[in-house]
Protein chains: 4
Amino acid sequence: MDFSNETPIYLQIMNRLKSDIVTGKIKMGEKLMSTRELAVSLRVNPNTVQRVFKELENEGICFTKRGMGTYVTEDEATIALLKEQLANDLMMVFIDGMKKLNYSLVEIIEKVRSYGEVNK
Amino acid sequence: MDFSNETPIYLQIMNRLKSDIVTGKIKMGEKLMSTRELAVSLRVNPNTVQRVFKELENEGICFTKRGMGTYVTEDEATIALLKEQLANDLMMVFIDGMKKLNYSLVEIIEKVRSYGEVNK
Amino acid sequence: MDFSNETPIYLQIMNRLKSDIVTGKIKMGEKLMSTRELAVSLRVNPNTVQRVFKELENEGICFTKRGMGTYVTEDEATIALLKEQLANDLMMVFIDGMKKLNYSLVEIIEKVRSYGEVNK
Amino acid sequence: MDFSNETPIYLQIMNRLKSDIVTGKIKMGEKLMSTRELAVSLRVNPNTVQRVFKELENEGICFTKRGMGTYVTEDEATIALLKEQLANDLMMVFIDGMKKLNYSLVEIIEKVRSYGEVNK
DNA sequence: GTGGTCTAGACCACA
DNA sequence: GTGGTCTAGACCACG
């Protein structure tokens with residue numbers, strides 16, 4: 001976690017978990033670390049982790065078995081949708097931003113390509 | 001302005017001004033609206049506009065003629081650089097984000113292309 | 001059992017047993033499954049079933065013959081009362097809730113009727 | 001607030017606000033009390049109120065104007081939907097519960113009517 | 001002044 | 001042991 005970062009810690013954690021789930025690092029149905037464990041391993045207050053789990057649950061990405069821990073959803077569709085949404089959000093911000101700077105679609109693609117080749 | 005948006009209002013205003021400057025909607029050397037005028041027209045607290053102008057000055061994009069108002073810089077290089085920076089920031093966030101989602105460069109470009117064609 | 005439900009598992013089990021008793025699916029005086037059997041068949045921790053039986057006893061709905069298992073009470077009055085209580089509890093929550101939403105008695109009845117007809 | 005109640009305080013507050021909004025006691029677009037104010041008036045920790053506002057916002061019932069407070073949504077449809085949902089949730093729990101107790105629709109309606117007449 | 005985040009530490013119900 | 005709630009108190013960014 002980056003404590004000096006302006007984006008809230010709980011969001012940083014959420015985002016990391018989301019991308020881990022979406023990329024399969026954490027598998028569907030898998031049990032997540034307990035709040036306390038994760039809190040210790042991230043050197044963060046348990047309440048902060050608690051909040052993360054609660055929000056992930058609100059978004060349908062996790063569910064909790066009472067007294068047994070928090071698990072990743074077993075619904076493939078939810079996870080596929082999540083991936084789409086994450087990608088789309090990124091794209092919207094990016095492309096709309098670029099268009100406001102008067103870049104054409106062709107120019108945008110060219111810039112992405114050259115950026116990618118430099119940072120291979 | 002979108003008051004229920006999470007990005008601070010002063011940043012929303014700054015970004016709008018920046019893109020207007022970069023795209024030439026506001027020309028080099030042009031006088032900007034006065035703090036009060038802009039505040040009224042955006043229905044925003046004058047303090048907020050104050051901050052915008054101050055930060056734009058810090059970044060060398062504007063300068064103040066005492067008693068006469070705030071003007072856009074007349075230095076082409078500064079503005080060109082600004083455009084590069086804005087575009088680069090957008091790209092970094094976008095591409096890093098997409099890579100965290102396990103998209104390859106080829107896939108990213110494909111997605112951008114199809115997004116662009118849909119929203120022509 | 002629904003492990004991701006907010007109502008405690010022991011209550012879910014209790015409620016199911018109660019309604020089975022009240023509706024006669026489980027008869028008066030009948031022997032219930034043993035703690036272990038029930039725990040296995042519901043895939044639940046034996047402690048949880050223990051608690052269910054204990055609470056049912058407290059409410060006078062079951063009784064234990066030492067070494068022989070747990071039995072449903074043979075007292076008709078108790079069971080009749082139980083049914084009344086369960087129904088009344090449901091009604092109070094429902095009607096008070098609807099009144100807080102400003103529904104009149106007439107509207108409530110109309111809504112119940114139409115709900116019932118749709119879900120025949 | 002009922003501190004000895006088993007349902008969490010923040011939910012009690014949420015429910016009260018929701019029903020106040022749905023019944024028009026709090027009007028659309030109206031500003032809510034500030035977190036601190038409400039916390040004082042309910043004799044509750046500000047964090048608890050904070051949580052309430054956050055959840056209401058997640059559900060689209062409120063939105064916050066940065067630095068200016070929290071406001072009820074101005075979207076009629078959202079509120080109408082909310083009312084429907086609240087009523088439907090109550091009905092489902094009630095009617096399904098009654099059916100599990102072997103009450104027929106006719107009996108249910110009769111019970112509701114008599115309950116209503118007694119508690120006029 | 002507003003909302004938002006975080007910590008520390010306590011307590012509870014549940015399995 | 002698990003998640004969940006609550007308080008007290010601190011600090012921050014924003015308008």
Side-chain angles (χ1 to χ4, degrees), chain A residues 1 3-13 31-39 42-54 56-57 62-71, chain B residues 1 3-13 39 42-52, chain C residues 1 3-13 39 42-52, chain D residues 1 3-13 31-39 42-54 56-57 62-71:
Chain A
M1 296 302 99
F3 292 92
S4 61
N5 191 145
E6 61 171 350
T7 89
I9 296 177
Y10 84 95
L11 280 181
Q12 294 181 41
I13 300 176
K31 183 180 178 302
L32 298 173
M33 277 198 255
S34 79
T35 43
R36 289 159 175 76
E37 268 181 316
L38 191 51
L42 297 177
R43 305 186 187 198
V44 147
N45 188 290
N47 285 331
T48 304
V49 176
Q50 174 72 17
R51 179 168 183 182
V52 169
F53 282 4
K54 174 112 190 175
L56 288 176
E57 211 177 329
C62 296
F63 65 97
T64 118
K65 291 193 194 173
R66 303 189 58 86
M68 303 180 61
T70 302
Y71 297 74
Chain B
M1 295 302 100
F3 294 92
S4 57
N5 189 136
E6 63 172 354
T7 89
I9 292 178
Y10 84 94
L11 276 181
Q12 293 181 42
I13 300 176
L42 296 177
R43 302 184 191 200
V44 147
N45 190 307
N47 292 332
T48 306
V49 177
Q50 278 284 13
R51 176 161 185 185
V52 169
Chain C
M1 295 302 102
F3 293 93
S4 56
N5 190 135
E6 63 173 354
T7 89
I9 292 178
Y10 85 94
L11 276 182
Q12 293 182 41
I13 300 175
L42 296 177
R43 303 186 189 198
V44 148
N45 191 307
N47 292 333
T48 306
V49 177
Q50 280 283 15
R51 176 162 184 186
V52 170
Chain D
M1 295 303 99
F3 292 91
S4 60
N5 191 145
E6 61 171 351
T7 89
I9 296 176
Y10 83 94
L11 279 181
Q12 293 181 42
I13 301 176
K31 183 180 178 304
L32 299 173
M33 275 200 258
S34 78
T35 42
R36 289 159 174 78
E37 268 181 316
L38 192 50
L42 297 177
R43 303 184 190 203
V44 146
N45 188 291
N47 285 331
T48 305
V49 176
Q50 174 73 19
R51 178 167 185 184
V52 169
F53 283 3
K54 174 112 189 176
L56 288 177
E57 212 177 328
C62 296
F63 66 97
T64 118
K65 291 193 195 173
R66 305 189 56 86
M68 304 180 61
T70 302
Y71 296 75

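Every chain is numbered from 1 and lettered A, B, ... according to where its sequence line falls, protein lines coming before strand lines.
- In this model, the phosphate group of dC6(F) is not approached by any side-chain N or O of Thr48(D) to a distance below 4.0 Å at OP1 or OP2.
- Taking 4.0 angstrom as the limit, Gln50(D) places none of its side-chain polar atoms (N or O) nearer than this to OP1 or OP2 of dG3(E).
- OP1 or OP2 of dT5(F) has at least one side-chain nitrogen or oxygen of Arg51(D) nearer than 4.0 Å.
- Of the side-chain N and O atoms in Thr35(A), none sit less than 4.0 angstrom from OP1 or OP2 of dT2(F).
- The side chain of Tyr10(C) places no N or O atom within less than 4.0 Å of a non-bridging phosphate oxygen (OP1 or OP2) of dA15(E).
- On a pure distance criterion of 3.5 Å, no polar donor-acceptor pair joins the side chain of Arg36(A) and the base of dG1(F).
- For the pair Arg66(A) and dC14(E), the criterion of a side-chain N or O lying under 4.0 Å from OP1 or OP2 is not met.
- For dT5(E), one of the phosphate oxygens OP1 or OP2 lies less than 4.0 angstrom from a side-chain nitrogen or oxygen of Lys54(D).
- Considering only side-chain N and O atoms, Thr64(D) lies nowhere under 4.0 angstrom from the phosphate OP1 or OP2 of dG3(E).
- Nearest-nucleotide assignment on DNA chain E puts the 5′-proximal partner with Thr70(D), out of Thr70(D) and Pro8(A).
- Across all strands shown, dC14(F) pairs with dG1(E); the Watson-Crick or G-U wobble distances both stay below 3.5 Å.
- Scanning atom types as modelled, no donor and acceptor separated by under 3.5 angstrom connect the side chain of Asn47(A) and the base of dG4(F).
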